[in-house]
Number of protein chains: 2
Amino acid sequence: MSGDRPRIRAAGRTRGVPEATVARLPVYLRALHALADTGCDTVSSEELAVAAGVNSAKLRKDLSHLGSYGTRGVGYEVSLLVDQISRALGLTQRWAVVLVGVGNLGHALAGYAGFASRGFRIAALFDADAERVGERIAGLDIRHIDDLDRVVEEEQVSIGVISTPSAAAQEVADRLVEAGVTSILNFAPCVLQVPDGVDVRKVDLALELQILSFHEQRKADIAKGPHGVNGTAINGTMKGGAVTPLPAPRVDDAREVVGQ
Amino acid sequence: MSGDRPRIRAAGRTRGVPEATVARLPVYLRALHALADTGCDTVSSEELAVAAGVNSAKLRKDLSHLGSYGTRGVGYEVSLLVDQISRALGLTQRWAVVLVGVGNLGHALAGYAGFASRGFRIAALFDADAERVGERIAGLDIRHIDDLDRVVEEEQVSIGVISTPSAAAQEVADRLVEAGVTSILNFAPCVLQVPDGVDVRKVDLALELQILSFHEQRKADIAKGPHGVNGTAINGTMKGGAVTPLPAPRVDDAREVVGQ
DNA sequence: ATTTGTGAAAATATTCACAGCG
DNA sequence: CGCTGTGAATATTTTCACAAAT
């Protein structure tokens, strides 16, 4: 993801780890930590694959991109694999991140223990609302966005999290980039424009539900038996009651990423 | 996504919309709504593609899976496209969802306006903590998890959102499935085991940061100039060596999806 | 005996580039 | 003309299946 940036190539051979693999490494890492916590020293690709929810061939292929860290006939040493995946992901250092937008969601993110436990340190919280500056959340003072440059430099921040309303997100992204941030995690439901060299990943809460909606509908259609001429067919009643003949409701959205 | 389920096929031809396309439809829908709000009646694939952050060939191919709704030489009528995508995604009905786990994140999700504005209605909030039952959040009473079955049936709920601690997530998923839910959005950083026919999508906040970490590291390496002979290369000890001075930090994680 | 690591095959996804329609 | 819709060409990802290693 991260836009449609082409992978770097060297002499015709694709260099580095495939993007699809990168996206799964954190899942393996999670599974390995869980295994380690149960006192497990070694795992087979099959066991780890089950724990990670993928098939074992895929897991082995993925790991093979990092090097050859298994023992044939035995499996993988958990702690070694944890180290290698951590290294591959760049988690041997603790990244400083700034979080911009301390609304409903930003508040929750600020308190998210998973960030700290998985390699990240929130260096500062920012909000544009002068009212909220100085407020203390999760042990951190909310600072004004105008301090961004200074903090990013002083704390060597390279990752920014945006949890502002959509309307503010692009402006915040610009300021983050300007300040020197080169990776952005965007929770605002909008597309960000950033220069080359800056990576953006997005998390869109409702989008995931909409994907589930698609599959729900498909399941309902199948249960009802293929009818209509071309698949999508007429939408009758089935589960979910309100068979709105009309398109999805629309309420003013651009307000807040999270907020009532 | 949603496990490794094979697409349904009919008579050799792949029936339905490719998964990659489904995942982008909500993005197009968002962009179209934004365009509509600016009073735009028609868009070209190029314009919409820019607004959605994809390339225009991909956009056209994606839309072609829904049917032929554009006009050559002109573009797409915004409102028609909104209708067609909404229909394809199953958003012509308003889905009822239940949310289980009203911690820090669950609280934020309960108040998320984007759910309501994009086709979903939170039918009820649940928590296992008896202390919190009865508490009112975002206009909804927190109910005890034991009421789940009743609510799911009465309100025709087919989608569940899990925002409990990891440790509780599987148990909650089991109860959701048992109650009749067939789609789950999981915010707990763990893999869920569900029967065939149930779709799961996950959102893992820290995972996204870890992916960014990978790319940050790569950028840093490149900036420092390629060293070592073949890229990742020379990590001193091949195999076996904990070459890392220190692996990623580890703190008790399994506590809460969000919470300090 | 097992289980890894991996070529080769199959399936998906993306991009190109242009015929064809309005 | 301009722009869509789509075959054909690429690229990427997944899966198979087995030789090699312990």
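In the text below, chain A, chain B and the rest are named by the order of the sequence lines, each starting its count at 1. Any value given below was found using the heavy atoms of this structure, including those in side chains, with hydrogens, waters and symmetry copies removed.
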Rounded to whole angstroms, how far apart are CD on A/Glu47 and P on C/dT3? 8 Å
Are A/Phe115 and A/Val161 close enough that some pair of their side-chain heavy atoms sits under 4.5 Å apart? no
Distance test, side-chain N/O of B/Tyr76 to OP1/OP2 of D/dG2, below 4.0 Å: no
Could you tell me which non-hydrogen atom of A/Val181 sits nearest to which non-hydrogen atom of A/Gly160, and how far apart they are? CG1-N, 3.6 Å
According to a strict under-4.0 Å criterion, is B/Ser45 in side-chain N/O contact with OP1 or OP2 of D/dT4? yes
Between C1' of D/dT12 and NZ of B/Lys58, the distance in whole Å: 12 Å
First encountered from the 5' end of DNA chain D, between A/Arg60 and B/Val74: B/Val74
Which nucleotide, D/dT14, C/dA17, D/dC16, lies nearest any side-chain atom of B/Ala57? C/dA17
Are there over 12 heavy-atom neighbours, none belonging to B/Lys202, within less than 6.0 Å of that residue's NZ? no
Write down the distance between CD (A/Glu46) and P (C/dT4), rounded to a whole number of angstrom. 9 Å
Rounded distance (Å) that lies between atom C1' of D/dT12 and atom CG of A/Asp62: 13 Å
Using five pairs at either end of the helix from C/dA1-D/dT22 to C/dG22-D/dC1, determine the angle between the two local helix axes and round it to 10 degrees. 10°
Considering heavy-atom distances to DNA chain C, does A/Gly75 or B/Thr21 have its closest nucleotide positioned more toward the 5' end? A/Gly75
Hey, is the side chain of B/Ser68 poking within less than 4.0 Å of OP1 or OP2 on D/dG5, counting only N and O atoms? yes
Do NZ/NE/NH1/NH2 and the carboxylate oxygens of A/Asp204 and B/Arg118 come within less than 4.0 Å? yes
Nearest-Å distance, CG (B/Leu81) to C1' (D/dG5)? 14 Å
What is the separation between atom NZ on B/Lys61 and atom P on D/dG5, rounded to the nearest whole Å? 12 Å
Qualifying residue for side chain to side chain contact (heavy atoms under 4.5 Å, CB included) with B/Leu35, from B/Leu81, B/Asp41, B/Val43: B/Val43
B/Ser56: which of B/Lys61, B/Glu47, B/Glu46 passes side chain to side chain contact (heavy atoms under 4.5 Å, CB included): B/Glu46
Whole angstrom is fine here: how far is it from CD in B/Glu77 over to C1' in D/dT4? 15 Å
Ignoring hydrogens and angles, answer whether the base of C/dT3 and the side-chain atoms of A/Arg72 contain a donor-acceptor pair closer than 3.5 Å. no
Whole angstroms only, please: what is the CG-C1' distance between B/Leu59 and C/dT14? 13 Å
Quick one, A/Thr42 with A/Glu77, criterion side-chain hydrogen bond (donor to acceptor under 3.5 Å, both in side chains). Give me CA distance, side-chain angles, the key distance, then yes/no. CA-CA 4 Å; A/Thr42 59; A/Glu77 191 193 327; over 6 Å; no
